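Written below as structure tokens is the structure these notes are about.
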Amino acid sequence: WASKRSQTAGFRPSNAGGGKSFQLRRNLGTIAMDLKAIWEMSDRMTQSLFEKIGGEPAVEAAVDLFYRKVLNDERVSRFFDDVDMDGQRAKQKSFLTMVFGGPNDYTGEDLRSAHKKLVDDGLDDSHFGAVAVHLQNTLDELGVPAGLVNEVMALAAGTRDDILNK
């Protein structure tokens, strides 16, 4: 019991409180708690972004709040003048669910095709930036943790060239 190896592994001889068997049980209990924490952390690491942000209810709340912000912004609201917003919200929810790693039910156009008419109508980097700010503000307002907001914003930034047909 008193070898160097057992001491460095946390198994130290003890005669107090039940002796060697008590110490071993206590150490095994600590190891079990450590393993449980590792497994829980592993589960969080393997969750999709969709799951991490709260799944369907979170995406629905974010899309609804996001479009309220966008439609109240005179810089970008004109791009939605002739858009069926109920349909747009549904498409956006489906698209974001797919992008965030949730169930893939998106059947809409690719980003270039979906935004070509808007680019022809003047959609540019300034508009993309304004919409991105609304997205970030939406997520912040909904209490999404900063690390997850950063993940979402990185995904959004990666769509810039496709949305602007560059």
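Atom set for the values below is all heavy atoms of this structure, side chains included, hydrogens, waters and symmetry mates excluded. Keep in mind that what you see is a predicted model, and the values were worked out from it rather than measured.
By the salt bridge (Lys or Arg N to Asp or Glu O under 4.0 Å) test, Glu109 pairs with no residue at all, sequence neighbours left out. With sequence neighbours excluded, no residue satisfies side-chain contact (heavy atoms from CB on, under 4.5 Å) with Asp82.
Side-chain contact between Asp125 and Arg160 is present, with heavy atoms from C-beta onward closer than 4.5 Å. Using a 4.5 Å heavy-atom threshold, the side chains of Glu151 and Leu148 count as touching. A 4.5 Å side-chain heavy-atom check between Phe66 and Leu139 finds every atom pair outside the cut-off. Two residues are said to be in side-chain contact when any heavy atoms from C-beta on lie closer than 4.5 Å; Glu56 and Phe50 meet this criterion. Residues Leu123 and Phe128 fail the side-chain proximity criterion, which asks for heavy atoms closer than 4.5 Å. Taking the side chain as every heavy atom from C-beta outward, Lys93 and Asp64 approach each other to under 4.5 Å. Considering only heavy atoms from C-beta on, Leu49 comes within 4.5 Å of Leu155 through its side chain.
Summarising the geometry of Val83 relative to Gln88, their closest heavy-atom pair is CG1-CB, 3.7 Å, with the distance given to 0.1 Å. Closest heavy-atom contact between Ile163 and His115: O-CB, 3.2 Å. In this structure, Thr138 and Ala62 approach most closely via the heavy-atom pair CG2-O, 3.4 Å. Nearest approach of Ile53 to Ala58, heavy atoms of both residues: O-CB, 3.0 Å.
Taking hydrophobic clusters as Ile, Leu, Val, Met, Phe, Trp and Tyr residues chained together by side-chain heavy-atom distances below 4.5 Å, Met153 does not share a cluster with Val133.
Under the 3.5 Å distance criterion, with hydrogens and angles disregarded, a donor-acceptor pair is assigned to the side chains of Asp124 and His127.
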